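Throughout, protein chains are lettered first and strands after them, A, B, ... in sequence-line order, and every chain is numbered starting at 1. On a predicted model such as this, the values are computed, not experimentally measured, just so you know.
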Amino acid sequence: MFRKILIANRGEIALRVICACKELGIRTVAVYSEADRHSLHVRFADEAVCIGPAKSVRSYLDIPSVISAAEITNVDAIHPGYGFLSENADFAEVCETSGIKFIGPRPDVTRLMGFKQHARAAMEKAGIPILPGSRSILQSPEEALEIAGTIGYPVLLKAAAGGGGRGMRIVNEPSELPGLFAQAQQEAAAAFSCPDVYLEKFILAPRHIEFQVLADEHGSVEVFFERECSVQRRHQKLIEEAPSPALTPEMRDSICRKLQEAMAEVGYTNAGTVEFLMDEKGKLYFIEVNARIQVEHPVTEYITGVDLVKGQIIIAAGGRLSDIVREPLQIRGHSIECRINAEHPEKFTPSPGRITGLNLPGGIGVRVETAAYTDGVIPPFYDSLMAKLITYGRDRSEAITRMNRALEMFVVEGIYTNIPLHQKILAHPDFIAGKLDTHFLVRMQEQAARSSG
Amino acid sequence: MFRKILIANRGEIALRVICACKELGIRTVAVYSEADRHSLHVRFADEAVCIGPAKSVRSYLDIPSVISAAEITNVDAIHPGYGFLSENADFAEVCETSGIKFIGPRPDVTRLMGFKQHARAAMEKAGIPILPGSRSILQSPEEALEIAGTIGYPVLLKAAAGGGGRGMRIVNEPSELPGLFAQAQQEAAAAFSCPDVYLEKFILAPRHIEFQVLADEHGSVEVFFERECSVQRRHQKLIEEAPSPALTPEMRDSICRKLQEAMAEVGYTNAGTVEFLMDEKGKLYFIEVNARIQVEHPVTEYITGVDLVKGQIIIAAGGRLSDIVREPLQIRGHSIECRINAEHPEKFTPSPGRITGLNLPGGIGVRVETAAYTDGVIPPFYDSLMAKLITYGRDRSEAITRMNRALEMFVVEGIYTNIPLHQKILAHPDFIAGKLDTHFLVRMQEQAARSSG
Amino acid sequence: MNIADIKELVQVVVESGVAELEVTRGDSKVRICRAVTVSAPESVTASRPAPAHQSVVAHAAPAPQPAMAASASTADAVSDPSLIIVKSPIVGTYYESAAPNTPAFVKVGDTVHPGQVLCIIESMKLMNEIEAEVAGVIVGKLVENGRPVEYGEAMFSLRPL
Amino acid sequence: MNIADIKELVQVVVESGVAELEVTRGDSKVRICRAVTVSAPESVTASRPAPAHQSVVAHAAPAPQPAMAASASTADAVSDPSLIIVKSPIVGTYYESAAPNTPAFVKVGDTVHPGQVLCIIESMKLMNEIEAEVAGVIVGKLVENGRPVEYGEAMFSLRPL
């Protein structure tokens, strides 16, 4: 097992990894920007190194600074968390060459998954349903028009190297295509310094459903069932839950079995998430693989009883999946996560600042992941996630009532949070009924606007 | 179901009941003494009534004040929590006559259980092993000497109406008996206004093991397995866990089955705990029944997945156990509770005062029950329990490592706590090995004294 | 160091926003601490549970904000130190008269003598007469007829004679 | 020390961002805290994780206690506003000389000119020469030879000419 690990991240996920390390008896090194000097991951790590100024390009995203910090503190491994350098294959390579174990997939696999076309090919080979679309990068608007014609409109133009909605365009009819094609290419080039785009069938009201995977370095793969993440705002997830209200046991089993093969086939290792869209008829289509631990991993931990972050570390240290998953995985109860963001609940404007009063909910079936504390500061330089509130219940309705209770007892003073928004969502009949798709939130807000106006 | 419940308690358990009510959609009324004006149970209840000055005899223990508060707020039921009025049969009767449902056993059952001799008789009838001892109240030192002679020394003199170690005397040889008999009677008379004492076999190094029971008002009883509470100081529990490392599945099943009969036989309703001692040979002996929810109930909730406080309320409202326990109960994983007291970790002197800095641990497998908050005050008038820290793991060793992690991240500034003591206990080889009895803590401290001195 | 200096130092603390200032000069010493004030934007208030408290909970203090503890009534009451506040010794329902449609025991402006009944508080079906302990003039009646009162709740303010 | 001086010091604290400043001159003493200071009894300190921090973490601030943020060195540093602090622009290992057994680039008392090499910081196997940006006299060397330095760590204090 590792002796000492550096956590190349900040906030709640840095603290999450520190907890896993403490429980495994591994010493921890935190890195921090000047803006995070007083943050809890610095407080609770055994050592801490300031790696740069507030701007993340010069600190958390600066590979030389992170590697230097790892060298002067003499660590065996680096855990990248999510975001920042977590899916940067170059960083993983530098770690390797510096003799530091990168806790995540091998760089080549990360690269393969990063290019959606390759990922799609790999999944298709294993019999996983994928969205009908261009099998490769589009050479010209003409090619796009031809393929779109066969698939049928609307279609979605997507950046090959992309993510987070940038370089995406919905095309409703042929006449729009050439113009939007050019826009998508420009945006892709700007965002990912790679103008390649491809297209696929556009599903009007899809559910976002993803499957959690752990794979060890001895060839075995486990699929930890699915999460439903359909409550989103501008492609940003807001509420996640496990299991999905929309999946039948049969569909679940068949996808899990196929994914097990596919991930073993591509030689995937460590933690990963396979994202699907579900169309109105309940059919699943593969979209992409995220080669990292994800924000919403706790809901999976709650229903399976497995500590996924500990699992990542054990696997990276050469351990076997059979030590992490002792008896056959099974779903127990239901879990929901609300992302508590430091932002205005209606205007969605970020609300950094000092937390002057804080009461974190606790008690039965409630888990909080946060680096926030009374008198602590949410700096303006990073994402607005100030806490993850996760509840567990023996069924979905208990998980929901518990979340209502926990949101009511979650007191944050001095900054705005989206807690009132979460309360509105949890009270909405469609959410309670599990009638979800990625447009749910927009619909809810339009309803509210109508009834108030 | 009830519309509104008054919680006749304070601190973490008041908050615990408020959480259960919120999840059941029941409105809550908090009562508080002048010393608790700013406490969280007042903050999070829908209504709150000041019922008296700081001294509990004139507030939390004052039946007219509590009943009046219930009347002016027009509640359907009262939850007594633990301590205070929870096992006061007279209070339960006043509730009945005032048309308010008391959430607990019927007064007559509570009385029956309060008198240990009757409880012993009831249990013995159901074939539950009890400690050899006087079957009834001792009339004279002579009778005591005679019975002690047949049982064999050492024997324990106990107050019939007692609890918490008052009116207890260990007798090692006949010559000591008359003097200690008188002392026990005096102490019993003073503490419980009832001088009756009885005697039973004294086990030198017993384990304290107790079984959790829920019984509905339709005659069905469920036993939620056992808790081990052997880590004690002066009869005060410090660490509890479930399941017990000392029980075999066979013993567990047989006791659970017999208790189910016994409790049904006595017409027990709502929550209760049946306490046993285990001798050096692993044999269990019944000692008493606690007719209330207990401080350590969360460890049972963690391993069974059942919300016991919700269960109490549902039962009191006439609900059925079959709605609370849907599938057959089974033990999942292991759970440990550390009682975090506001007291000096070596001197054990209480440490009331203002909490100037507070960081509650969170994350996977950690549950905190507390009414403490930054700038909040631990008043000197009540018990020193400032928080309950409960961890869950797939096995005992994960629960322990998680507890170590959580204790390390539990920061309390401004007052003393016994967190360092808990850290010593969790690091002790005997605790790690599960080699426990009620003298464990004394032994540990003697060892420390020797090694340091 | 004179009062003026200290006042100025206090200003410095308040304006600068530092939490603590300690100045020692020879044998004189000043220490100034600024209490953490909470400025909560409206959405924050919204994100807080806002229980529909009844009058009985006027004194309930939202934590972690003891600053909001004192209720209006007590605030007024204590604002004039020369007044005596008659507080409820028990929890119950307040009645200003012996029976419906009968005049109140006392009205504002009345002069009361020790032992004179001021009101009745019903508790557990019992009518408890609350008497004046000192002689004085009723300046304020702080509770509405028929409303519940909690322990220590201010009922009357009176100016002692 | 008069009120004006104190006001100025308060400014220093607020602007510099240090958590605490204490200045003693003869029998007069001033202590300024930016954030709420916590007086924790020893057992509380014990109950806190006490990580064996290396020098690189001298600046690590235990939360929720920003008061403990400022490390000795920074405190001294800002205590004399006339000094210039040369901070490390990168994370790495500090060397005061070009090679073992060769004299240090600079020693206390030396006068340095802009562009003069003050030390080397090794980062990712690269030797980075750190040069003086202004002319001045070295007043303090704040890092031990061969010790790691973090970003922004104070290495030299020098009095500009």
Less than 3.5 Å apart, any donor N or O on the side chain of [X] or [Y] sitting next to an acceptor on the other?
X: B:Thr300; Y: B:Gln212; value: no
X: A:His334; Y: A:Glu398; value: no
X: B:Arg320; Y: B:Ser220; value: no

* Structure fact -> Assert top hit (heavy-atom pairs under 4.5 Å, partner chain A, pool B:Met403, B:Glu369, B:Arg332, B:Arg402) equals B:Arg402

* Rounded to the nearest 0.5 Å, how far apart are CG of A:Leu24 and CD1 of A:Ile5? -> 7.5 Å

* At what distance, to the nearest 0.5 angstrom, does CD1 of B:Ile313 lie from CZ of B:Phe2? -> 8.0 Å

Using heavy-atom distances under 4.5 Å, tell me whether [X] contacts chain A through its side chain, its backbone, both, or neither.
X: B:Arg394; result: side chain
X: B:Asp307; result: both
X: B:Lys310; result: side chain
X: B:Glu23; result: both
X: B:Val366; result: backbone

* Asked: Given a strict heavy-atom distance threshold of 4.5 Å, which part of A:Glu12 is in contact with chain B: side chain, backbone, both, or neither?
  -> neither

* Side chain, backbone, both or neither: which part of A:Ile364 has a heavy atom under 4.5 Å from chain B? -> both

* To do: Mind listing the closest non-hydrogen atom pair of B:Leu389 and B:Pro361 along with its distance?
  => CD1-CG, 3.8 Å

